[in-house]
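From a predicted model like this one, the values you see are computed outputs, not experimental measurements.
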Amino acid sequence: MGNTTSCCVSSSPKLRRNAHSRLESYRPEAELSREDTGCNLQHISDRENIDGKSRSRLAQSRLWKWHKLSKNLNMEFNPSDHPRASTIFLSKSQTDVREKRKSLYINHHPPGQLRRKYSSCSTIFLDDSTVSQPNLKYTIKCVALAIYYHIKNRDADGRMLLDIFDENLHPLSKSEVPPDYDKHDPEQKQIYRFVRTLFSAAQLTAECAIVTLVYLERLLTYAEIDICPANWKRIVLGAILLASKVWDDQAVWNVDYCQILKDITVEDMNELERQFLELLQFNINVPSSVYAKYYFDLRSLAEANNLSFPLEPLSRDRAYKLEAISRLCEDKYKDFRKAAKKRSVSADNLTVVRWSPAIIS
């Protein structure tokens, strides 16, 4: 502030206050015409062609730019890209959950005796599923339930149905497709059997099931389509195909899926994968925060639908394993704990170390 070369004393284009005078009132200057400025540039409207084709192309270009801008703004609320946006399947399931609770309250029926296990002094029950190692069976059940709510509570405006996902145009089997194939919603058990068959035959992991749901909701958001009885199998198949290749190091080839689904061709699988990627705009990135959000939202969905994850009693071998993991972490962060216990530290290098006595995995 006291330096003579400071920016505070540099010249400014604004009006200066005189030592013996006040600031003069602002007077708007008269607008200058093109002749006064000596600039004879034509206005953009004067330079445009007057023919209809040029104006049509200009209008289409402006419309495309506006659509792209609005789409980028909508991506901020896309749950498959941003961790703060709520998942679509959880919001669609809330309607049915509220109706079930309301019906039980009106009819005075208790929700049923839930078989829950509680820990005691002699026995400790632990959930076998974690965010890093989810339970395969119950994760597939939750994903199937999420797909079921997507189909059941889809928008009634009747969005477009892409040909690549239409089961009538691209059947998965040689059996004749019934004429009312797009009228009846599939049951949750049917969706679960379809997903479980693919995961069991291809030996996919539970993490792949969560990524499959992420890709499915990203497709519905990017392509602005709905999943319905006519396209749910091919959409789920495309999401599983892509998730297995992105997540697993040794991915299943497209020809391997032809061994699972006997009547489908490799060319059809390749075309399904190509168009799925194009509709995703080749955005196959799944941040860890988005993955964790989908995992915990699936657990919330299971809790709301009385689909609890299994609880296992803490055995002696697992207790030793947890103790070994805790001891390993204790040795790893011992230096950080000593640095945090110093009585005087610099404010520039001040860090807060959070210590956890045990890590369950």
Side-chain angles (χ1 to χ4, degrees), residues 68 71-72 74-75 78-82 87-89 140 143-144 146-151 154-155 159-173 177 181-182 186 191 194-199 201-287 290-291 294:
K68 185 176 180 181
K71 193 171 185 179
N72 292 335
N74 292 333
M75 288 300 106
N78 185 6
S80 62
D81 291 327
H82 298 272
T87 53
I88 303 176
F89 70 88
I140 294 178
V143 171
I147 298 173
Y148 167 77
Y149 280 120
H150 264 291
I151 300 174
R154 62 186 181 276
D155 295 336
R159 292 184 178 182
M160 62 176 179
L161 180 63
L162 299 180
D163 294 341
I164 190 61
F165 300 124
D166 193 350
E167 194 174 349
N168 189 25
L169 300 178
H170 303 275
L172 299 180
S173 62
V177 179
Y181 74 104
D182 57 343
I191 302 174
F194 179 77
V195 178
R196 184 192 61 184
T197 301
L198 294 176
F199 270 74
Q203 299 181 1
L204 302 179
T205 60
E207 297 89 343
C208 184
I210 300 177
V211 178
T212 297
L213 186 59
V214 175
Y215 287 158
L216 189 145
E217 292 203 344
R218 185 173 295 176
L219 173 73
L220 301 183
T221 307
Y222 281 29
E224 298 180 355
I225 61 176
D226 270 332
I227 184 170
C228 61
N231 62 5
W232 72 270
K233 285 186 178 181
R234 293 186 60 85
I235 288 180
V236 172
L237 176 61
I240 293 176
L241 171 65
L242 190 59
S244 63
K245 291 188 175 182
V246 173
W247 185 262
D248 295 336
D249 295 333
Q250 297 179 351
V252 182
W253 291 4
N254 292 0
V255 67
D256 297 330
Y257 286 97
C258 299
Q259 302 297 327
I260 304 173
L261 304 171
K262 302 293 184 179
D263 300 329
I264 196 171
T265 62
V266 181
E267 292 77 14
D268 189 15
M269 293 295 299
N270 295 339
E271 185 66 18
L272 177 64
E273 180 185 6
R274 186 185 66 81
Q275 293 200 27
F276 204 104
L277 278 170
E278 289 181 354
L279 292 172
L280 289 185
Q281 301 175 14
F282 297 92
N283 181 16
I284 58 176
N285 180 39
V286 180
V290 173
Y291 172 86
Y294 272 80

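- Contact annotation: the side chain of F165 approaches that of L272 to within less than 4.5 Å [non-hydrogen atoms, C-beta and beyond].
- Atom CG of L169 sits about 5.5 Å away from atom CG of D163, to the nearest 0.5 Å.
- Between D166 and K233, no side-chain nitrogen of the basic residue sits less than 4.0 Å from a carboxylate oxygen of the acidic one, so the salt-bridge criterion is not met.
- Atoms CG and CD1, from L172 and I260 in turn, are 12.0 Å apart once rounded to the nearest 0.5 Å.
- Remark: side-chain polar atoms of Y215 are paired, donor with acceptor, to backbone N or O of I284 under 3.5 angstrom.
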Query - From CA spacing to verdict: ring pair (Phe, Tyr, Trp, His ring centres under 6.0 Å), W232, F194 - result: CA-CA 11 Å; W232 72 270; F194 179 77; 5.5 Å; yes
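- Contact check for D263 versus P171: no side-chain heavy atoms found under the 4.5 Å cut-off.
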Query raised in the report: How far apart are the C-alpha atoms of L279 and L162, what are their side-chain angles, what is the distance that settles it, and do they pass the side chain to side chain contact (heavy atoms under 4.5 Å, CB included) test?
Result: CA-CA 11 Å; L279 292 172; L162 299 180; 3.5 Å; yes
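- There is a side-chain donor-acceptor pair under 3.5 Å between E217 and H150.
- Residues E207 and Y291 have side chains that never bring a donor and an acceptor to within less than 3.5 angstrom of each other.
- A donor-acceptor contact closer than 3.5 angstrom links the side chains of D81 and Y222.
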Result block: side-chain N/O donor-acceptor pairs under 3.5 angstrom for residues 235-245, not counting sequence neighbours:
{"residue": "S244", "atom": "OG", "partner": "I240", "partner atom": "O", "Å": "3.1"}
{"residue": "S244", "atom": "OG", "partner": "L241", "partner atom": "O", "Å": "2.9"}
{"residue": "S244", "atom": "OG", "partner": "Y257", "partner atom": "OH", "Å": "3.1"}
{"residue": "K245", "atom": "NZ", "partner": "N254", "partner atom": "OD1", "Å": "2.9"}
{"residue": "K245", "atom": "NZ", "partner": "E273", "partner atom": "OE1", "Å": "3.0"}
{"residue": "K245", "atom": "NZ", "partner": "E273", "partner atom": "OE2", "Å": "3.0"}

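- Within the 4.5 Å cutoff, side-chain heavy atoms of I227 are placed close to those of I147.
- Distance check, rounded to the nearest 0.5 Å: SG of C208 to CD1 of I140 gives 9.5 Å.
- Using a 4.5 Å heavy-atom cutoff, the side chains of W247 and I210 are not in contact.
- N270 contributes a side-chain N or O that, together with a main-chain N or O of V266, makes up a donor-acceptor pair within less than 3.5 Å.
- Residues S173 and E167 have side chains not in contact (no heavy-atom distance under 4.5 Å, counting atoms from C-beta outward).
- For the pair R234 (side chain) and H170 (backbone), a donor-acceptor distance under 3.5 Å is present.
- Residues P229 and I151 form a side-chain contact, since some pair of their non-hydrogen atoms from C-beta on lies under 4.5 Å apart.
- A distance-only check finds no donor-acceptor pair linking the side chain of R196 to the backbone of I191 [under 3.5 Å].
- Between N231 and D226 there is no side-chain heavy-atom pair separated by less than 4.5 Å.
- The distance from the CZ atom of F89 to the OH atom of Y148 is 16.0 Å, given to the nearest 0.5 Å.
- In plain terms, the two heavy atoms of T205 and F199 that are nearest each other are O-CE2, 3.2 Å.
- Applying side chain to side chain contact (heavy atoms under 4.5 Å, CB included) to S80 and the options I88, V214, L216, L213 leaves one that passes, V214.
- Rounded to the nearest 0.5 angstrom, E278 CD and Q281 CD are separated by 11.0 Å.
- Y294 and P79 make their closest contact through CE1-O, 3.6 Å (heavy atoms, listed as atom of the first residue, atom of the second, distance).
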Query - Intermediate values then yes/no, side chain to side chain contact (heavy atoms under 4.5 Å, CB included), V252 and L204 - result: CA-CA 9 Å; V252 182; L204 302 179; 4.2 Å; yes
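- For the atom pair CG of N283 and CG of L280, the computed distance is 7.0 Å after rounding to the nearest 0.5 Å.
- With a 4.5 Å cut-off on side-chain heavy atoms, I225 and L161 do not count as touching.
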